[in-house]
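Any value given below was found using the heavy atoms of this structure, including those in side chains, with hydrogens, waters and symmetry copies removed.
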Amino acid sequence: VSFNEMLEALRVSRLRQTQLVADAGHELKTPLTSMRTNIELLMMATRPEAPGISEQDRSDLEHDVLAQMEEMSTLIGDLVDLAREENIDVFEAIDLTDVLGSALERVHRRRHDVEIITNTEHWYIHGDGFTLTRALVNVMDNAMKWSPENGKVRINMKIIDSAHIQITVEDSGPGIAVEERDMVFERFYRAVKSRSMPGSGLGLAIVRQVVERH
């Protein structure tokens, strides 16, 4: 029975990795194709025999290339985090307050006009500090991104009982539509309102995977 359970776990892990590689390849194609097209246009415009393009068009192409590079960098970073989380098997004693503090430092640099209000508790768990920090950064980053100018983000740690603690991140943004709340944790899914903004669609999938593993 133990041997069969091990084989089944290996089979499921292999399926997840195969699906991740397939999804990653599909998602990388779009920004890569766009970036290649824009770079080719810039190369053609610099040839002596080319009619040339206006400064505004050149500036727009350069801006697009940089944006696509940033999009790919974010996506690759998120994919590395997903793959890393799949293979973590060494946990250590961690103070969640320290993890939260590290996440806050990273997030607060991105928007200084949003006030962050925290209420913390010292709580130790056995876990991986890197992935826990990344999970909290992803949730708080969403809260910061969707907060209005001069908005507030409230982060609260509440002890439920001797074995459970709840971390709540609350913002004053528009929220997620009820019908999309289950889907936003799927890999590469992006809510309708968020599709015009930067992102890979992997942030909340990483959060769910980290939390479930811990």
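Looking only at side-chain heavy atoms (C-beta outward), E62 and R58 come within less than 4.5 Å of each other. Put simply, the side chain of M144 reaches to within 4.5 Å of the side chain of I116, judged on heavy atoms. Side-chain contact between I125 and I165 is absent, with no heavy atoms from C-beta onward closer than 4.5 Å. Residues I155 and L104 meet the side-chain proximity criterion, which asks for heavy atoms closer than 4.5 Å. When side chains are defined from C-beta on, V153 does not count as touching M140, because their heavy atoms never get closer than 4.5 Å.
Annotation: the span from L204 atom CG to N142 atom CG amounts to 5.0 Å, rounded to 0.5 Å. Atom CG of D113 is separated from atom CD of E149 by 5.5 Å, given to the nearest 0.5 angstrom. The line from CG of N4 to CE of M6 is 9.0 Å long, rounded to the nearest 0.5 Å. Taking CE of M69 as the reference point, atom CD1 of I39 lies at 7.5 Å (rounded to 0.5 Å). The CG atom of L132 sits 6.5 Å away from the CG atom of L96 when rounded to the nearest 0.5 Å. Between the OG1 atom in T131 and the CG atom in L136 there is a gap of 10.0 Å [rounded to 0.5 Å].
The shortest non-hydrogen separation linking S102 to T133 is CB-CG2, 4.1 Å. In terms of heavy-atom proximity, W123 sits nearest to D161 at CH2-O, 3.3 Å. Across D64 and N38, no two heavy atoms sit closer than the pair CB-ND2, 3.4 Å. Annotation for V169 and A143: closest pair CG1-CB, 3.8 Å, computed over non-hydrogen atoms. Residues N138 and V207 approach most closely at CB-CG2, 3.7 Å, considering heavy atoms.
Between the side chain of S147 and the backbone N or O of G173 there is no donor-acceptor pair closer than 3.5 Å. Between the side chain of H214 and the backbone N or O of V210 there is at least one donor-acceptor pair closer than 3.5 Å.
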Would you please test Q56 and D60 for side chain to side chain donor-acceptor pair (under 3.5 Å) and show each step?
CA-CA 6 Å; Q56 183 60 50; D60 289 344; 2.9 Å; yes

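More than 12 heavy atoms of other residues, nucleotides or ligands shown are found within 6.0 angstrom of CG on N150. The local environment of CE in M43 is sparse, with at most 12 non-hydrogen atoms from other residues, nucleotides or ligands closer than 6.0 Å.
Each of M157 and I160 belongs to its own hydrophobic cluster when Ile, Leu, Val, Met, Phe, Trp and Tyr are linked at side-chain heavy-atom distances under 4.5 angstrom. No chain of hydrophobic side-chain contacts below 4.5 Å, direct or via other Ile, Leu, Val, Met, Phe, Trp or Tyr residues, connects Y124 to I167.
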